[in-house]
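Read through the structure below, which is laid out as structure tokens, and then see the notes.
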Amino acid sequence: MFNKRTKIKRLLEGDKANFETTVMGWVRTFRNNQFIALNDGSTNNNLQVVANLGLLDDATMKRITTGACIKATGEIIESQGKGQRVELKASAIEILGDSDAEKFPLQPKKHSLEFLREIAHLRMRTNTFGAIFRIRHSLAFAVHKFYNDRGFVCMHTPIITGSDAEGAGEMFKVTTLPLDGTAPRNDDDSINYKEDFFGKSTNLTVSGQLEGELAAMSFSDIYTFGPTFRAENSNTTRHLAEFWMIEPEVAFNDLEDNMNLAEDFIKYIIKYAMDNNADDLAFLAQRLEEEEKQKPQNERSEMGLIDKLKFVVDNDFERLTYTEAIEILRESNHNKKKKFQYLIEGWGTDLQSEHERYLVEKHFKKPVILTDYPKEIKSFYMRQNDDGKTVAAMDILAPGIGEIVGGSQREERLDKLLQRMEEMHIPVEEMNFYLDTRRFGSCPHAGFGLGFERLVLFVTGMTNIRDVIPFPRYPKSAAF
RNA sequence: UCCUACUUAGCUCAGUUGGUUAGAGCAUCUGACUGUUAAUCAGAGGGUCGCUGGUUCAAGUCCAGCAGUGGGAGCCA
């Protein structure tokens with residue numbers, strides 16, 4: 001069997017030595033014509049493969065370049081040098097794939113994240129991106145584990161949707177009609193989508209929530225975890241055109257249950273990564289620390305990455321209402337000294353990023369759950385509170401990231417829902433499938449959406465969302 | 001989409017008030033050395049200064065437009 005090999009992670013973690021084994025991986029560096037730092041992606045740490053002088057002929061030696069793929073067989077021994085506990089004393093080395101050193105763009109040195117973004121197909125071979133994507137995997141696994149352990153059903157909601165009224169953002173159109181102007185037309189010259197593949201106008205989903213609610217009305221506890229698409233022309237460090245979202249929806253939950261679920265969930269998956277990706281997190285923490293040293297004193301963060309994660313896991317999130325938040329902001333010295341670009345004056349407008357950052361990073365210094373927003377600035381499906389002014393919404397704001405969760409208790413009362421839909425000009429006739437949940441056995445329920453990449457950002461300490469998804473999609477960019 | 005900064009070698013960056021042949025470190029190549037840790041030492045090659053136009057005797061440097069990238073804002077997860 002060709003693939004008879006041991007993963008480097010196992011060899012480095014094992015406490016045995018003096019046994020024969022085979023490894024395969026990619027060369028990170030080749031020092032002194034003898035020492036190969038080999039990485040197979042199973043861990044951030046390299047295995048030192050020692051090719052004693054005379055083992056390799058000159059021609060083979062020249063082919064051991066940064067990026068080349070090799071197979072090495074030999075004995076695992078205690079290292080004679082410092083810097084590693086064990087090493088592989090090679091008895092045979094085979095080149096599986098050459099890598100032209102003049103053309104391979106990765107060097108054994110620090111590269112800028114901007115440069116690596118241009119070679120996203122190769123950046124996974126760096127320590128930083130290796131760590132990021134192993135952590136991303138752990139977090140994804142922990143998402144399923146968390147919900148599975150609690151008896152939730154994973155629902156695969158559609159990616160192509162015929163519903164035009166999700167209202168969560170600009171949509172990408174899905175069509176097989178020709179784009180050269182020859183598409184079939186209606187009498188009024190609009191495109192005749194009855195002739196299209198699905199017989200109607202379709203888009204990529206911007207949220208699985210509505211379908212999630214349908215499923216919660218039969219399984220009680222469900223969650224979705226899938227790709228989501230927004231065609232907004234957003235150019236920021238925290239938006240993608242294609243991102244992954246987790247949307248639990250739970251029958252019989254009210255807003256408080258919803259908050260408890262979200263807080264437990266976030267803490268659980270962060271803890272999971274801390275328990276299972278200690279090496280990768282330590283590497284990223286160190287990377288971040290070095291980056292912080294470049295900053296002026298007053299811009300440096302108070303906690304290291306690991307301490308920050310531990311703090312989030314060990315402490316309760318701060319919970320307060322929108323109205324209370326407005327009071328805190330209005331009374332803050334920051335506001336009185338007019339340091340906000342948008343000064344807090346009245347009740348009813350949405351908070352700006354600077355306000356959210358002030359609450360999370362300056363005032364409370366921990367994740368914050370804001371609840372009970374004015375109904376005017378929130379979606380039609382959120383449950384109206386008895387005060388007639390607010391809805392049972394909740395947003396979770398995380399330090400450095402901003403909004404990481406948006407959710408609410410849903411409006412289960414048909415008449416109230418219809419009234420809001422009318423006020424907000426939602427086309428009722430297209431939403432009958434959704435309204436049926438309220439017509440047939442409606443019940444109180446609640447749910448939220450968590451942007452997976454924003455969570456990965458938070459856990460890895462990275463600052464640009466384009467660096468925590470393997471192949472980011474954003475305006476003017478769909479390479480690879 | 002708006003504001004703002006940036007764009008010079010494969011990478012990271014210098015480049016003075018506009019002035020002769022545009023520099024450095026790393027990487028690459030050649031050689032030396034051989035228990036190295038982003039190895040070290042010596043030498044060599046490598047540039048349409050983002051693109052287009054303008055001002056000028058002369059533009060990497062000044063001006064305009066366009067493009068790309070970073071940061072911030074909006075929209076949101």
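Throughout, a chain's letter reflects where its sequence line sits, starting with A, and its residues are numbered from 1.
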Write down the distance separating the [atom1] atoms in [N] and [M], rounded off to the nearest Å.
N	M	atom1	answer
B:A22	B:G47	C1'	8 Å
B:G46	B:C29	P	16 Å
B:C62	B:U7	P	10 Å

Between [N] atom [atom2] and [X] atom [atom1], what is the distance in whole Å?
X	N	atom1	atom2	answer
A:D100	B:A27	CG	C1'	13 Å
A:K110	B:A38	NZ	C1'	12 Å
A:Q107	B:U28	CD	C1'	9 Å
A:F35	B:A38	CZ	P	13 Å
A:F448	B:A77	CZ	P	13 Å
A:R31	B:C41	CZ	C1'	17 Å
A:Q80	B:U37	CD	P	15 Å
A:R85	B:U37	CZ	P	21 Å

Minimum-distance nucleotide to [X] side chain [options: [options]]:
X	options	result
A:K62	B:U28, B:U30, B:U1	B:U30
A:Q48	B:U36, B:C33, B:A77	B:U36
A:R466	B:G25, B:G70, B:U28	B:G70
A:N233	B:U12, B:G72, B:U1	B:U1
A:K476	B:G25, B:C29, B:G68	B:G68
A:A101	B:C29, B:U36, B:C75	B:C29

Classify [X] by what it touches in the nucleic acid, base, sugar-phosphate, or nothing, heavy-atom distance under 4.0 Å.
X	value
A:G81	base
A:R28	nothing
A:E87	base
A:L240	base

Between A:D395 and A:T65, which has a closest nucleotide on RNA chain B that is more 5'?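 In this pair, the answer is A:T65.
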- Query: Pick the nucleotide of RNA chain B nearest each of A:Q84 and A:E356; which residue has the one closer to the 5' end?
  - Reply: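 It is A:Q84, whose closest nucleotide lies nearer the 5' terminus.
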Tell me if the side-chain of [X] makes a donor-acceptor pair with the base of [N], cut-off 3.5 Å, by modelled atom types.
X	N	answer
A:H111	B:C11	no
A:S234	B:C76	no
A:N46	B:U37	no
A:E232	B:U1	no
A:R230	B:A77	yes

Test: A:K9 and A:E13 ion pair at under 4.0 Å
yes
Is any side-chain N of the basic residue among A:E263 and A:R319 closer than 4.0 Å to the acidic one's carboxylate O?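 Yes, charged N to carboxylate O under 4.0 Å.
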On the six-membered ring of A:Y268, is A:R150 placed so that its NZ or CZ lies under 6.0 angstrom from the centre and within 45° of the ring axis?
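Output yes; distance and angle both within limits.
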Hey, what's the ring geometry for A:F229 with A:F172, parallel, tilted or perpendicular (30° and 60° as the breaks)? perpendicular
Q.
If the cut-off is 4.0 Å, is A:S112 near the phosphate of B:U12, judged by side-chain N/O to OP1 or OP2?
A. yes
Margin query: Looking at B:A32, I'd like to know if its phosphate oxygens (OP1 or OP2) sit under 4.0 Å from a side-chain N or O belonging to A:N33.
Written below: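 Checking B:A32 against A:N33, no side-chain N or O comes under 4.0 Å of OP1 or OP2.
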[X] and [Y]: side-chain donor and acceptor closer than 3.5 Å?
X	Y	answer
A:W244	A:T228	no
A:K378	A:S408	no
A:N335	A:S332	no

